[in-house]
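The block underneath contains the structure these notes are about, expressed in structure tokens.
Chain identifiers are assigned alphabetically (A, B, ...) following the order of the sequence lines, protein sequences preceding nucleic acid strands; residue numbering begins at 1 within each chain.
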2 protein chains.
Amino acid sequence: MRTEKMPTDIRKEQIVEAALAILSDNAAPKLKMTDVARQLGLAPSALYRHFKNRDAMLSAILEHIRTMLHTNLEKVRQQTDNAVERLHAMLVRHGRLIREQQAIPRIVFSDEIWGQKKERRQRMYRIVTGYLAEIEAIVVEGQAKGEIRMDVEARVVAKIFFGIVQPAALLWHMSEGDFDLEGHINDAWTLLLEMVVRR
Amino acid sequence: MRTEKMPTDIRKEQIVEAALAILSDNAAPKLKMTDVARQLGLAPSALYRHFKNRDAMLSAILEHIRTMLHTNLEKVRQQTDNAVERLHAMLVRHGRLIREQQAIPRIVFSDEIWGQKKERRQRMYRIVTGYLAEIEAIVVEGQAKGEIRMDVEARVVAKIFFGIVQPAALLWHMSEGDFDLEGHINDAWTLLLEMVVRR
DNA sequence: TCCTTATGTGAATCTGATTTCACATTAGCT
DNA sequence: AGCTAATGTGAAATCAGATTCACATAAGGA
């Protein structure tokens, strides 16, 4: 295997992506430096040229996930102006994300997060609540434009949204793809829709 | 510390409970044999008198959790006959469970489950789906008695229920108790109620 | 009470992973 | 082309935690 030298900024990206790929692969229990290195055809020690240690690498991964979520949201915002449609689009996209990026729930729930570093848990908490806040914002805008009924609290809708997506990820995961992801999302959407637009 | 000899059936119980206690303690990252032993004032090696290995111990813990969930449900069934009240009672109890037994989400999400053993993941999947099935049953009974509208699928209600409880656990956890658990459950209940009884 | 066996112990071992280090190579600048 | 700093490597050090084992002890039945 040919392993070229890479400028560290690119290599860092590659490492993060390799890590996500590994985590998305159902077989992988815990993220090992060795595995990440192999994925790139590098020696484990090479990783330390780019990250101080495993911990720093994990931080970079977290950041990458945050960005993915945010980007997702931006795209939906551009895709349509209507709040209800936006919520739906978010759900659908999230379904895809769950399929393709199993890494996300994997990380969110992993011991890495819950372990030692209180700091990391807080970081994750901020990512999640930040995401919720963005969804909430969509709802609030929708309410202002009369697309969404006023008497449900936006904050609650956001949490319900989260509540659709998160267990779906979990169940899909546990079932090794057996769980009917789309079905669940459709069902949930029907109810959410009714909840949000009807009186 | 005085450490008496214990018949293995009692000791097993103690070990499982010690493990849960450790996991419920926010400080604990991963469940270490050493920690479990210390909690009981035993030498680590003593644990191996009661469980073949760490893995067997984890299995016992899973089983214990399954029992807890099931017991919870049984109590609610006895508490009231009305399906809607039952759902509410379940929510409230679950809130308590989240507070007191942080161990449960901890285990459910842990690497222990997702790691190596496919078998264990399946076991967990069965526990969760079993629980969902029981909630679904409550809904179905409620529908038969006219307490719950017929045109929402029981299966979906069960998942929504799960969707209320699970993210709550996660957020409460991440926030180190800062997250407004009761508020969330109340809000969610209001919506669920409307969804389930209104047309 | 005596014996047998289950339970407990501490030290040693095994395992699997992260990390460090001295050395090699390549990229890219002048 | 030649130099230098950045990147990569393999072997070895380190670490943490699970597990084993030979030995100790106490519980409970005969």
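- Contact annotation for L47(B): no contact, since no heavy-atom pair falls under 4.0 Å across all strands.
- Ion pairing between E134(A) and R77(A) fails under the 4.0 Å rule for side-chain N and carboxylate O.
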Begin from the C-alpha positions of L87(A) and I148(A) and carry the test side-chain contact (heavy atoms from CB on, under 4.5 Å) through to its verdict. CA-CA 11 Å; L87(A) 287 179; I148(A) 292 181; 4.3 Å; yes
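- Note on R54(A): only backbone sugar-phosphate atoms sit closer than 4.0 angstrom, heavy atoms only; bases stay farther off.
- Among residues at least two apart or in separate chains, ring-ring contact (aromatic ring centres under 6.0 Å, His included) pairs with a member in residues 67-91 of chain B are H88(B)-W189(B).
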Write out a two-atom table: protein N or O, nucleotide N or O from nucleotides 28-30 of chain D, distance below 3.5 Å.
none

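- Contact of S45(A) with dG10(D) (side chain to base): a donor-acceptor pair of N or O atoms is detected under 3.5 Å.
- Rounding to the nearest 0.5 Å places CG of D9(A) at 10.0 Å from CD of Q14(A).
- Among dT20(D), dT19(C), dG8(D), the nucleotide with an atom closest to any side-chain atom of H50(A) is dG8(D).
- If you check every strand for non-hydrogen atoms under 4.0 Å, I10(A) touches nothing.
- A residue-by-residue look at M6(A) and T34(B) shows that M6(A) has its nearest nucleotide of DNA chain D further toward the 5' end.
- The side chain of R49(B) approaches dC23(D) more closely than any other nucleotide in the set dG8(D), dT7(D), dC23(D).
- Relative to the side chain of K5(B), the nucleotides dG8(D), dG8(C), dT20(C) differ in distance, and dG8(C) lies closest.
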